[in-house]
Amino acid sequence: MNELFDGATDPMDADATLKTPTKPDKRPEQQIQELASTVATSVKTTATEVVSSLTRAKTDSGTGTASAIAVSVIAAAEAAAVTVEAAAAAAAAALAVQAAAAALIASAVEETVASSARAAALEAQAATTAAAVAVETAVRAAALAVALAERTAMEAARALATEKAAAQALQLALNDKQALLMEVHHRVKNNLQVIVSLLRLEAGRSQHPDVHAVLADMQGRIRSMALLHKALYRSGTFASVDLGNYLQQVTTQSFSSQSKHPDLVRLTLNFGSVQVGMDQAISAGLLVNELISNCLKHGFPQQRSGEVNVVLQPVVTETQAADPLWYLCVSDTGVGLSSDFEERRKTSLGLQLVHDLSQQIGGSLVVASKPGLGAQFTVIFTALAPKTLVMPL
Amino acid sequence: MNKHRILVVEDERIVARDIAMQLKALGYEPLGPATTGEQAFEMAEQLHPHLVLMDIHLASTMDGIVAAQALRTQWGIPCVFMSAFGNAEQLARAKLAEPVGYLEKPFEEYELREVVAAVFKER
């Protein structure tokens, strides 16, 4: 069979056949069918020729065997021709199906590609639109943000300027107030100096020791008040004062100016720190001045030696109060209170002042004494937080 | 024994009188009082005091600090300042006059005594 197709075009080479440029208008399956038909015809012709030759050979040979062989060959050749023709037809049909499938695939691919391309284009278009919208939105937002920032900055600058001006005005007012308060304290202290000078001049004129003593007591009281102004002035707050600090100055100065024998009588101090208002402080100062004066006048007669102790400390309690309790104690190691102390208490200005001033600071006075061992005056009071100083307009 | 002469410069007459009385009681010879810086300068030129007790606040063009500087520069007279108060600026100015002491009003006899005694003890 192979020999029959030698030199002829391979009928299965559909591409080669399809690519034949001679009849471009024919469809490939048609071309293959024609070619298969041609081949079949050729095979049949050849088979016929072979049959004729064999017939002649059979006749010529006259033998039965040869004749039988020739018949068989003829039948085989004719069957081959038929088979070739059928194969050609099948090949043509297969090619046709293949071509149709290819065409369908190509069409489907083309459609798919086109559809994808359309979808992609639509998608791209949508994306582009979205991107454009996003960019525009972003630009608008940025512009808005810039405008807002500028506006905010301007408003902030304006507010800052207003605030600065207000702060400056407030500072000026505060400076004026401070200057005014300082001037008031200065004048108060100057006036107190004038009063002290008047008392001293008056005492200088008198030859009576009692007059000297009374005027000295008055000077001591004025001095304790002047010290409060000094303490307030130095603290710079004017509304409050550290009571411990202030009483320490009052005690020291009162003791120094009244002690006749500083080498025999010592002063010991133990002051805590608590802020109080002016009213409470000035009463406490006057109270300490009176008690120191009392100790030095009556506690150490006939050059007796000893100590005067002044203590200001918080009262230790189990519960913590909002305004803590403090105790102020002035004691001495002198001779103790005289037997006529209670009688003297009713007539002595100093002792009456002690009672009044104890009540003034909101406390209660406790007096204790042991003959020959000394006397003790204790006041327990509530340290009142300073009130804000209000300047009337 | 020559007494130390102390010029009192104080524009409050009652206070000046009180100080003079205290100085006298302490054994010094008080001079004055001068009530202005200019007057203090004139009296110092005439009376040659050993010490000047100078009020810082004077009702005059020349306040106590300026007058003290002039007295120290011109004649080398030491000054003790007296004042009812002193802020930081005033104290800084006062330091330039190199005072030998400072008394804060109202002051006690013992304070005056100690300050003046300290001045003459050093000299």
Side-chain angles (χ1 to χ4, degrees), chain A residues 175 178-206 212 215-236 238 249-250 252-262 289 292-293, chain B residues 6 8-28 30 32-33 35 53-60 63-65 80-94 101-118:
Chain A
N175 290 345
Q178 288 287 103
L180 185 64
L181 281 168
M182 284 183 177
E183 181 61 22
V184 167
H185 280 276
H186 180 222
R187 284 176 188 271
V188 167
K189 283 181 78 183
N190 256 338
N191 290 341
L192 290 173
Q193 173 67 66
V194 172
I195 294 168
V196 168
S197 293
L198 282 168
L199 293 171
R200 213 158 21 213
L201 286 168
E202 191 64 48
R205 285 178 62 244
S206 174
H212 278 259
L215 293 175
D217 286 349
M218 291 306 296
Q219 286 179 54
R221 288 159 192 154
I222 292 165
R223 181 184 52 241
S224 71
M225 295 171 75
L227 280 172
L228 178 66
H229 287 275
K230 182 178 175 180
L232 288 171
Y233 180 83
R234 287 200 174 158
S235 73
F238 298 108
Q249 292 180 54
V250 171
T252 306
Q253 200 162 55
S254 182
F255 187 85
S256 300
S257 61
Q258 297 183 70
S259 177
K260 291 170 185 166
H261 304 287
N289 179 69
I292 294 281
S293 179
Chain B
I6 302 175
V8 179
V9 185
E10 168 66 64
D11 58 358
E12 188 61 63
R13 296 281 185 168
I14 293 170
V15 177
R17 184 179 288 278
D18 172 36
I19 294 169
M21 187 189 76
Q22 289 182 72
L23 289 173
K24 209 169 184 176
L26 292 170
Y28 300 108
T35 56
L53 292 180
M54 180 78 76
D55 184 19
I56 287 179
H57 292 272
L58 295 171
S60 60
D63 73 357
I65 295 171
V80 170
F81 282 132
M82 303 181 291
S83 181
F85 78 106
N87 57 36
E89 186 190 353
Q90 188 188 70
L91 289 175
R93 273 187 67 221
Y102 186 87
L103 286 165
E104 186 166 340
K105 293 178 181 177
F107 50 84
E108 293 290 309
E109 268 182 83
Y110 80 91
E111 290 174 298
L112 178 65
R113 181 178 66 238
E114 285 174 6
V115 167
V116 175

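We name chains A, B, ... by the order of the sequence lines, and we start the count at 1 in each one. Quantities reported herein were computed from a predicted structural model and do not represent experimental measurements.
- Most heavy-atom pairs under 4.5 Å with chain B, from the set R200(A), R223(A), H229(A): that is R200(A).
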Assess whether side chain to side chain contact (heavy atoms under 4.5 Å, CB included) is satisfied between V80(B) and I6(B), documenting all intermediate values.
CA-CA 10 Å; V80(B) 170; I6(B) 302 175; over 6 Å; no
Given the rule in the side chain to side chain contact (heavy atoms under 4.5 Å, CB included) test, do R113(B) and Y28(B) qualify, once you have shown the distances and angles that lead to the verdict?
CA-CA 10 Å; R113(B) 181 178 66 238; Y28(B) 300 108; over 6 Å; no
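- Screening H57(B), K105(B), R17(B) against E10(B) for a side-chain hydrogen bond (donor to acceptor under 3.5 Å, both in side chains) leaves a single residue, K105(B).
- Using a 4.5 Å cut-off between non-hydrogen atoms, the part of residues 191-199 of chain A that approaches chain B consists of L192(A), Q193(A), V194(A), V196(A), S197(A), L198(A).
- Interatomic distance, CD1 of I65(B) versus CD1 of I56(B), reported as 5.0 Å (0.5 Å rounding).
- Contact annotation for E111(B): only side-chain heavy atoms (C-beta onward) come within less than 4.5 Å of a heavy atom of chain A.
- Of all the listed residues (R187(A), K189(A), Q253(A), H186(A)), the one sharing the greatest number of non-hydrogen pairs under 4.5 Å with chain B is H186(A).
- Judged purely by distance below 3.5 Å, without hydrogens or angles, the side chains of S254(A) and Q258(A) pair a donor atom with an acceptor atom.
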Take V9(B) and M82(B), measure what side chain to side chain contact (heavy atoms under 4.5 Å, CB included) needs, and give me the verdict at the end.
CA-CA 9 Å; V9(B) 185; M82(B) 303 181 291; over 6 Å; no
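- Put simply, CG on L23(B) and CG on L112(B) are 5.0 Å apart, with the number rounded to the nearest 0.5 Å.
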Kindly determine whether I19(B) and F107(B) satisfy side chain to side chain contact (heavy atoms under 4.5 Å, CB included), including the steps that lead there.
CA-CA 10 Å; I19(B) 294 169; F107(B) 50 84; 3.9 Å; yes
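- Residue E12(B) touches chain A through its side chain alone, counting heavy-atom pairs closer than 4.5 Å.
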